[in-house]
Amino acid sequence: MNKVVLSGVLALALAALGAWWMTSSSSSTDQAAANLLGAAHAQDSDAEVDTSLVKEMTLGAEDAPVTLVEYASFTCPHCASFHMNQLKELKADYIDTGKVRFVYRDVYFDRFGLWAAMVARCGGEERFFGISDMIYEQQRDWIGSGQDPVAITSNLRRIGKVAGLSDEQLDACLSDADKAQALVAVYQQNAEADAINSTPTLIINGEKHGNMSYAELQGIIDGLLPQ
């Protein structure tokens, strides 16, 4: 990865910890800040970001005849609507029945989306979609009417705690500079490969689509299923 891209990754990582640091009372803040500042200095090296830290989040059978990849941002209202509506129906009709494998990929158009992703992934693969649902369902509440990073981070932490995460877990996740860098690096790689410039974007068996109604989505999927 070149230095220009790495610098952008670090800028987002620094922004993430900046808001967390202001809202945390944990004794680990000094060490977390030191770790992140060390990562910032690393942009002068030729070391690449370790993207193996990022796990692909999926639902459904690996051998399903249809694979649907969703590119979404936690701050995108249309993505929230998709998750609260189309995805719930898709899960019941196709994912849970072994017909569709669903792959979720983050898009970071702003720093708040990155912070939300760090909270969603804090509970591991088993809890990712449950926490994601909460973040999408409460999108208007945690973003609020302004762009106050302290308030937004506090709201995301509150969602994490309701989901069963401890303060210690949230501190560790939100101060993980390596993970923040890896998340943005993976996003950049995927977005470039699939030419992603809006959300939600759906890739269905390799073909790119924009947002659509559930009826339209059904029609495409049914046309791809074995007869």
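Counting from 1, the numbers follow the sequence of the chain as shown.
- Looking only at side-chain heavy atoms (C-beta outward), Y94 and V66 stay at 4.5 Å or farther from each other.
- With respect to the salt-bridge test (charged N to carboxylate O, under 4.0 angstrom), the residues R157 and D167 qualify.
- At a cut-off of 3.5 Å, with distance as the only test, no side-chain donor of N197 or Y71 sits close to an acceptor on the other residue.
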message: Walk me through whether T201 and D194 qualify under side chain to side chain contact (heavy atoms under 4.5 Å, CB included).
response: CA-CA 10 Å; T201 293; D194 289 329; over 6 Å; no
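- Residues V119 and I159 are not in side-chain contact: their nearest non-hydrogen atoms beyond the backbone lie 4.5 Å or more apart.
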field: side chain to side chain contact (heavy atoms under 4.5 Å, CB included) assessment of L202 paired with I220
entry: CA-CA 11 Å; L202 308 177; I220 293 173; over 6 Å; no
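- The distance from the CG atom of D110 to the OG atom of S73 is 5.5 Å, given to the nearest 0.5 Å.
- Under the 4.5 Å side-chain criterion, counting only non-hydrogen atoms from C-beta, D50 is not in contact with D178.
- Between the CD atom of Q218 and the CG atom of L90 there is a distance of 9.0 Å, given to the nearest 0.5 Å.
- Of all non-hydrogen atoms in T97 and A92, the two that sit nearest each other are CG2-O, 3.8 Å.
- The shortest side-chain heavy-atom distance between I95 and L87 falls under the 4.5 Å cut-off.
- Under the ring-ring contact (aromatic ring centres under 6.0 Å, His included) criterion, F112 pairs with W115, not counting sequence neighbours.
- For the side chain to side chain donor-acceptor pair (under 3.5 Å) condition, no pair includes a residue of residues 121-135, sequence neighbours left out.
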field: Derivation of the side chain to side chain contact (heavy atoms under 4.5 Å, CB included) call for V103 and I203
entry: CA-CA 9 Å; V103 180; I203 311 283; over 6 Å; no
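- Residues E70 and K91 are not paired through a salt bridge, judged by the lack of any N-O separation under 4.0 Å between the basic side chain and the carboxylate.
- Nearest heavy-atom pair across M134 and A163 is SD-CB, 3.9 Å.
- Grouping the Ile, Leu, Val, Met, Phe, Trp and Tyr side chains by contacts below 4.5 angstrom, directly or via other members, places M84 apart from V107.
- Here I135 contributes atom CD1 and N155 contributes atom CG; the two are 11.5 Å apart, rounded to the nearest 0.5 Å.
- Between L59 and F128 there is no side-chain heavy-atom pair separated by less than 4.5 Å.
- Atom NE2 of residue H78 and atom CG of residue N211 lie 7.0 Å apart, to the nearest 0.5 angstrom.
- Interatomic distance, E62 CD to T67 OG1, rounded to the nearest 0.5 Å: 10.0 Å.
- Within 6.0 Å of NZ on K88 lie more than 12 heavy atoms contributed by other residues, nucleotides or ligands.
- Within a 6.0 Å radius of NZ in K55, no more than 12 heavy atoms belonging to other residues, nucleotides or ligands are found.
- At least one donor-acceptor pair under 3.5 Å links the side chain of Q86 to the backbone N or O of M212.
- The aromatic rings of Y136 and H83 lie parallel to each other, with less than 30° between the two planes, well short of the 60° mark.
- A distance-only check finds a donor-acceptor pair linking the side chain of Q139 to the backbone of C76 [under 3.5 Å].
- Within the 4.5 Å cutoff, the side chain of L225 has heavy atoms near those of the K99 side chain.
- Across D171 and S175, no two heavy atoms sit closer than the pair O-OG, 2.7 Å.
- Sorted by first and then second residue, the ring-ring contact (aromatic ring centres under 6.0 Å, His included) pairs involving residues 147-177 (not counting sequence neighbours) form an empty list.
- Screening residues 168-198 for ring-ring contact (aromatic ring centres under 6.0 Å, His included), with sequence neighbours left out, gives Y108-Y187.
- Transitive grouping of hydrophobic side chains (ILVMFWY, heavy atoms separated by less than 4.5 Å) keeps L53 and V49 in distinct clusters.
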query: side chain to side chain contact (heavy atoms under 4.5 Å, CB included) between F74 and I143: does it pass, once the steps are laid out?
result: CA-CA 10 Å; F74 282 113; I143 292 177; over 6 Å; no
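- S154 places no side-chain N or O within donor-acceptor distance of the main-chain N or O of V150, the cut-off being under 3.5 Å.
- Evaluation of the ring-ring contact (aromatic ring centres under 6.0 Å, His included) rule for F129 yields no partner, not counting sequence neighbours.
- If you take OG1 on T58 and CZ on R105, they are separated by 11.0 Å, rounding to the nearest 0.5 Å.
- A 4.5 Å side-chain heavy-atom check between L170 and L156 finds every atom pair outside the cut-off.
- Residues passing the disulfide bond (SG atoms under 2.5 Å apart) test with C79: none are found, sequence neighbours excluded.
- In terms of heavy atoms, A117 sits closest to D106 at CB-OD2, 3.7 Å.
- Within the 3.5 Å criterion, the main-chain N or O of C173 finds no donor-acceptor partner in the side chain of K179.
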